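Remarks on the structure that follows.
Sequence lines set the chain letters: A, B, ... in the order given, protein chains first and strands last, and positions in each chain run from 1. These numbers come from a predicted model, not from an experiment.
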Protein chains: 2
Amino acid sequence: MTVKSEQTRQLVAGVALRMFREIGFAKTTMRAIAAEAGVSVGNAYYYFASKDDLVQELYLQVQAEHAARAAEALKDAADLTSRLRATLHTGLDAMAPYHRFGGDFIATAIRPTSPVNPFAAGSTAAREASLDIFRTAVEAAKPPAPKKLRSDLPELLWLFYMAVTLFWVYDTSDGQQRTRRLVDGAVPLITRGLSLARVPGMGRILDDFLSLSRSIRG
Amino acid sequence: MTVKSEQTRQLVAGVALRMFREIGFAKTTMRAIAAEAGVSVGNAYYYFASKDDLVQELYLQVQAEHAARAAEALKDAADLTSRLRATLHTGLDAMAPYHRFGGDFIATAIRPTSPVNPFAAGSTAAREASLDIFRTAVEAAKPPAPKKLRSDLPELLWLFYMAVTLFWVYDTSDGQQRTRRLVDGAVPLITRGLSLARVPGMGRILDDFLSLSRSIRG
DNA sequence: CCTCGAAATTGAACGTGTTCAAGAAAACTA
DNA sequence: TAGTTTTCTTGAACACGTTCAATTTCGAGG
């Protein structure tokens with residue numbers, strides 16, 4: 001009964017995500033989702049083990065949107081600065097409809113036991129997909145990033161992206177323009193900082209940084 | 001009825017914090033707290049507007065503990081490296097009893113509307129108290145930190161402390177030794193990085209970084 | 001000592017996320 | 001087709017955080 005089943009699943013997910021956007025996380029109760037979708041509460045739980053699982057669904061959808069937008073924007077961006085800027089801005093674009101819901105989203109995602117947690121062992125697939133966007137941004141850049149940190153760069157930039165997301169959640173300025181300015185200001189700083197990797201005397205401290213960063217992750 | 005009233009408040013808070021430590025956040029229900037303290041549920045709510053408010057109480061207590069331990073440890077630490085290391089380690093010491101509860105704590109604290117949120121406008125007092133610990137660590141350091149960023153340093157280090165805390169929450173290693181090693185590795189890197197502020201050619205990028213950091217906060 | 005307003009305390013009630021035994025519908029087997 | 005197993009669906013029930021009208025306790029003024 002795969003097809004009808006998938007229909008119900010999509011129906012519930014669709015209703016839930018729309019309600020998340022329109023009335024926020026707290027007001028979107030499981031009972032309201034079920035009622036709006038025309039199914040029973042228990043049936044919604046048959047497809048989504050918890051309300052957090054619906055957030056996971058949202059996370060995947062936003063991520064897919066980010067990947068699509070980034071791929072498009074990266075077509076005409078050659079140097080790392082513009083590639084990175086494009087990647088971050090498209091990420092913000094993908095999240096934009098859910099800003100009012102950002103606080104609850106982050107609170108859900110950050111809990112170590114959450115299925116959405118981007119750092120947790122469970123959601124490796126989702127994190128890898130997100131990381132891939134940054135890998136693409138770095139790998140195809142011309143001129144290329146310094147050899148020494150090319151392999152670590154995607155993860156570090158992804159971490160920066162997480163920090164930007166956190167900032168965005170707290171950003172109450174119109175259209176989150178403050179976050180946009182943060183990105184525009186920080187990206188050139190990052191790429192300029194990267195070129196410092198090549199100046200002599202810098203090698204040792206960079207090596208130490210990379211080795212610490214690796215030992216922490218590994 | 002100030003005295004009896006304060007007694008009840010302390011009783012509820014004490015029971016709650018002990019239960020948080022012993023059985024975690026989720027299992028510590030308001031009903032269980034009330035029962036254990038020998039009061040009614042409604043009475044607990046008379047003193048604490050929400051369960052989150054009890055987390056706020058915990059936050060204040062941990063912070064006071066941190067301040068006390070840091071003050072002691074900073075007595076025999078002169079250079080910035082050891083002062084910073086002491087400040088961070090005493091912070092971890094103060095949190096230690098609540099590690100199993102860290103995930104829920106962070107999830108509560110990170111919600112923009114939470115009274116505990118360290119970034120939110122509401123909890124300025126709590127954040128300032130925490131910031132002061134880092135101000136002390138920086139200001140009394142010998143030799144002093146580079147003039148140019150001395151005033152920004154406490155806030156930046158506090159931000160780093162927040163990041164370390166986040167890492168600590170996810171750290172499941174024995175006694176969170178991984179976080180300890182992160183601190184021990186990162187602190188010398190930070191102080192070495194600071195001394196780079198004085199090498200020529202570095203000035204411009206540092207200025208840009210500081211001006212971005214200020215414009216973002218202001 | 002008595003009275004009265006304020007402070008403190010109670011517990012039932014509400015809406016929430018989640019569970020689960022029961023049943024209906026579909027798919028499969030012969 | 002008839003019987004059987006698997007998948008899907010239901011809604012009542014549970015424990016939770018939180019609210020609030022009612023009640024008790026307290027302290028001050030007469």
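- Just one of L58(A), V12(A), V62(A) meets the side-chain contact (heavy atoms from CB on, under 4.5 Å) condition when paired with L17(A); it is L58(A).
- Side-chain atoms of R85(A) and T81(A) form no donor-acceptor pair, as typed in the model, at a separation below 3.5 Å.
- Atom CD1 of I33(B) and atom P of dT18(D) are 10 Å apart (whole Å).
- When the side-chain nitrogen and oxygen atoms of T8(A) are compared with OP1 and OP2 of dT9(D), one or more of them lie within a distance under 4.0 Å.
- In this structure, the ring of Y161(A) has its center less than 6.0 angstrom from the ring center of F134(A).
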### Message
Determine whether M30(A) and Y45(A) satisfy the following criterion, side chain to side chain contact (heavy atoms under 4.5 Å, CB included), listing intermediate values before the conclusion.
### Response
CA-CA 9 Å; M30(A) 292 301 287; Y45(A) 274 94; 3.4 Å; yes
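- Comparing the local axis fitted to the first five base pairs of the helix from dC1(C)-dG30(D) to dA30(C)-dT1(D) with the one fitted to its last five gives a bend of 20°, rounded to 10°.
- Within the nucleic acid shown, Y47(B) comes within 4.0 Å of sugar-phosphate atoms alone, with no base atom in reach, counting heavy atoms only.
- In this structure a side-chain-to-backbone donor-acceptor pair under 3.5 Å is missing from R178(A) to D171(A).
- The side-chain heavy atoms of Y170(A) and N117(B), taken from C-beta on, include a pair separated by under 4.5 Å.
- Evaluation of atom-type donor-acceptor distances gives a pair under 3.5 Å for the side chain of R31(B) against the base of dG17(D).
- In this structure, M19(B) atom CE and dC16(D) atom C1' are separated by 14 Å, rounded to whole Å.
- One finds no side-chain N or O of Y46(B) lying less than 4.0 angstrom from the OP1 or OP2 phosphate oxygen of dT9(C).
- Contacts between residues 36-43 of chain B and DNA chain C, defined by a heavy-atom separation below 4.0 Å, involve V39(B), S40(B), G42(B), N43(B), listed by number.
- Of the listed nucleotides (dT16(C), dT9(C), dT18(D)), dT18(D) has the atom at the smallest distance from the side chain of Y45(B).
- Taking the side chain of K51(A) as heavy atoms from C-beta on, and the options dG17(D), dT9(C), dG17(C), the nearest nucleotide is dG17(C).
- The closest donor-acceptor contact from the side chain of R111(B) to the backbone of D104(A) lies at 3.5 Å or more, if one exists at all.
- Salt-bridge check for E139(B) with R150(B): failed, with every basic side-chain N at 4.0 Å or more from each acidic carboxylate O.
- Contact of the Y59(A) side chain with the T108(A) side chain is not registered, since no non-hydrogen atoms from C-beta on lie closer than 4.5 Å.
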